[in-house]
Amino acid sequence: MSTDVRTRFAPSPTGYLHIGGARTALFSWLYARHTGGKFILRIEDTDAQRSSQELSEEILKAMQWLGLDWDEGPFYQSDNIELYKSYVNKLLEQGQAYWCECSPEDLKNIREQAQSEGRKPKYDGSCRKKGLGPGPGRVVRFAAPQGGLTSFEDLIKGHIAVDNDELDDLVLLRSDGMPTYNLTVVIDDAEMNITHVIRGDDHVNNTPKQIQIYQALGLDVPIFAHVPMILGSDKTRLSKRHGATSVMAYKDMGYLPEAMVNYLVRLSWSHGDQEIFTPEELIDLFDIKDVGRSAAVFNPEKFLWLNHHYIKNGDSKRLAALLKDFVEKQDYPVPDDVYLEQVVIDVRERTKTLADMIDFGEFYFREIEAPAELQLKFFTPELKEIMQMVVEKLFSVDFSDKEQVEQAFVSVLESFDIKFKKIAQPIRVALTGKTVSPGLFEIIMTLGKDTTLRRLRRALEYMKEV
RNA sequence: GUCCCCAUCGUCUAGCCUGGCCUAGGACACCGGCCUUUCACGCCGGCGACAGGGGUUCGAAUCCCCUUGGGGACGCCA
């Protein structure tokens, strides 16, 4: 027996790992790492209708992408059905559970009746005294304690107390023989010796019900920590309406996992004025005690800013490797690693995501032609001689030496006694097809002699023809 | 509707527990300026909040109560 911290993340594979779930997982993981405890992953797939193996795997992938590694699991609740049933039987034998024959329609009526009378729409317990046994269409319900108070000390919310009369005789075993969430979560957390149940705010109301089950079963009640929700910009529960909510959707949009971790951790948690954290710092600094009690609004702009921060400061070789996927997705020919890294270095200050790099740096990956209006505006005949000389000078220069390339321009500028400004935009348009781009010399060095000269000559041809 | 929870700039938050150092600090966004071959980056500056009302106190963003506002839960989902 040890008192080591054991936390868990228990998603249900009825959807992808979303922002909210990821943050909960992150907090659980951080707390385990911070305390030197264990982090367990458990898949809650007792809803056979809606759960799927594919979704389970997607969740695992998302966890891995975020770097949230687990020490035990993944365990699947569907592998433990007999275990849960044995507990149901125990409750039945103890008289703390009973068979119920009420149909879904009966239940609906009971609820509507209660609500219309201004009461909480809970099950009225009409089958409690019937002494029913198993039968088709029947479920097992928990005989919840009546009267009194159930309370607990939440690590985040503080003291929470609920009147037992508010609580339902909830279903433990469905008519199809599958156990339900409130039962399985209790049994597994107990069997897995979870010390700290860190989960979403939306489970606060379930907690007293679960505590009653722990008590009925004579199991130790863990410590609870309910983390506040993440809301959308209109302060309602975050959903697709607010934009992408799936973790992996952000990966596909060119976000970095460290940016997501850093962004999410700062929702309802902070450490003074610090905004940027390395994983090591987080493990060192994170504590549930510092998690706030109020909900946070997901702010895409700040997330983008953080992503840009990591794009700007990340290792360029790694970024180049990540960029490769995005190049392939566009069906562009994949350049070599050195070229890709140069692109990253050229564009990183002005692109906030990996996907941005592809858009903004399109001219690095494919042949481009400036729109007609830009050609007309910038490729003017008066620039003919100047451009001619730029091409000639560059032609005779060694491109492995940036110094020489810059010198070539200096000599052209001196010959015509003009400012660089005079030819910068025309050259930019010739090289990139746009008026906005990275620095000219960076582009030229990355593109290389052949491409640079080819594109400048094409502009020169235009100047001559006009 | 009933129950539970929450409440500092538009947003994320520091400060609140252990009242005075708060004419409330930082960050994102926004607006100016500087830098400059474009755009960015960077730097400098600006805008901007203690929900309201009562208490307690010499003194309240900080403690208490009420109101209001918001969120969540009320399922044979998790």
Side-chain angles (χ1 to χ4, degrees), chain A residues 10-15 44-47 49-51 77 100 102-104 107-108 111 114-123 137-141 154 156-158 160-163 165-168 170-182 184-185 199-209 226 228-229 231 233 235-237 263 266-276 289 292-306 308 312 347-352 360 409 419-429 432 434-441:
Chain A
S12 78
T14 54
E44 309 216 323
D45 56 351
T46 52
D47 183 346
Q49 312 300 323
R50 300 192 301 152
S51 297
Q77 289 192 319
C100 168
C102 294
S103 67
L107 267 18
K108 188 164 171 260
R111 280 189 205 104
Q115 192 143 9
S116 72
E117 290 172 15
R119 289 180 291 112
K120 192 155 179 129
K122 64 172 216 173
Y123 178 61
R138 290 183 184 172
V139 302
V140 174
R141 282 184 184 275
D154 191 282
I156 293 170
K157 304 269 179 189
I160 292 179
V162 176
D163 248 311
D165 290 335
E166 290 294 326
L167 275 20
D168 228 328
L170 42 85
V171 171
L172 263 20
L173 198 68
R174 297 184 177 89
S175 57
D176 67 357
M178 285 294 270
T180 60
Y181 166 73
N182 280 300
T184 60
V185 73
R199 70 209 330 185
D201 216 339
D202 47 341
H203 285 290
V204 175
N205 294 287
N206 287 326
T207 306
K209 303 177 192 175
H226 289 95
M229 306 261 85
L231 275 22
S233 52
K235 301 216 176 186
T236 61
R237 198 193 182 93
Y263 178 69
R266 283 284 289 96
L267 259 27
S268 292
W269 177 84
S270 65
H271 180 256
D273 287 337
Q274 191 170 345
E275 296 286 355
I276 309 293
K289 283 195 269 301
R293 290 140 307 186
S294 47
V297 172
F298 181 77
N299 185 305
E301 283 77 31
K302 188 162 184 181
F303 183 18
L304 235 203
W305 168 75
L306 260 172
H308 193 197
K312 280 183 295 184
V347 306
R348 68 194 322 183
E349 301 281 290
R350 359 191 166 229
T351 55
K352 299 185 179 191
F360 185 75
F409 276 91
K419 297 279 195 212
F420 187 53
K421 224 181 179 79
K422 174 106 176 164
I423 57 168
Q425 283 304 72
I427 288 176
R428 188 183 315 284
V429 171
T432 71
K434 305 185 299 181
T435 56
V436 173
S437 80
L440 251 23
F441 291 109

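Quick note on labels: first sequence line is chain A, next is B, and so on, each numbered from 1. Not measured: the values here are computed from a predicted model.
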Quote, to the nearest angstrom, the [atom1] distance that separates [N] from [M].
{"N": "rG42(B)", "M": "rC35(B)", "atom1": "C1'", "result": "8 Å"}
{"N": "rC16(B)", "M": "rC21(B)", "atom1": "P", "result": "12 Å"}
{"N": "rG55(B)", "M": "rC12(B)", "atom1": "C1'", "result": "33 Å"}
{"N": "rU38(B)", "M": "rG46(B)", "atom1": "C1'", "result": "27 Å"}

Can you see if the side chain of [X] gets near the phosphate of [N] - specifically, an N or O under 4.0 Å from OP1 or OP2?
{"X": "R237(A)", "N": "rA73(B)", "value": "yes"}
{"X": "R111(A)", "N": "rC76(B)", "value": "yes"}
{"X": "K122(A)", "N": "rG75(B)", "value": "no"}

Nucleotide opposite [N] in a Watson-Crick or G-U pair, distances under 3.5 Å:
{"N": "rC39(B)", "answer": "none"}
{"N": "rA73(B)", "answer": "rU2(B)"}
{"N": "rG45(B)", "answer": "rC31(B)"}
{"N": "rA7(B)", "answer": "rU68(B)"}
{"N": "rC22(B)", "answer": "none"}

NZ/NE/NH1/NH2 to OD/OE distance under 4.0 Å, K157(A) and D201(A):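 Salt bridge present between K157(A) and D201(A).
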task: Flag this pair as yes if the NZ/CZ of R350(A) is under 6.0 angstrom from the six-membered ring centre of F360(A) and inside a 45 degree cone about the axis; otherwise no.
output: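 Not flagged: R350(A) not positioned over aromatic ring of F360(A).
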- prompt: Counting side-chain heavy atoms from C-beta on, which of rA14(B), rG72(B), rA29(B) comes nearest to S270(A)?
  reply: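 Selected nucleotide (nearest to the side chain): rA14(B).
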What's [X] touching, base or sugar-phosphate or nothing? Going by heavy atoms closer than 4.0 Å.
{"X": "G292(A)", "answer": "nothing"}
{"X": "S116(A)", "answer": "nothing"}
{"X": "E275(A)", "answer": "base"}

Heavy-atom donor-acceptor pair, R266(A) side chain to I276(A) backbone, under 3.5 Å: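 Flag not set: sc R266(A) to bb I276(A) has no pair under 3.5 Å.
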With 3.5 Å as the limit, what N/O pairs link the protein to nucleotides 4-11 of chain B?
{"residue": "rC5(B)", "atom": "O2'", "partner": "K157(A)", "partner atom": "NZ", "Å": "3.1"}
{"residue": "rU11(B)", "atom": "OP1", "partner": "K235(A)", "partner atom": "NZ", "Å": "3.2"}
{"residue": "rU11(B)", "atom": "O2'", "partner": "N299(A)", "partner atom": "ND2", "Å": "3.4"}

field: Check: Q274(A) side chain, rG26(B) base, donor-acceptor under 3.5 Å
entry: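 Not at all, since no donor on one side and acceptor on the other fall under 3.5 Å apart.
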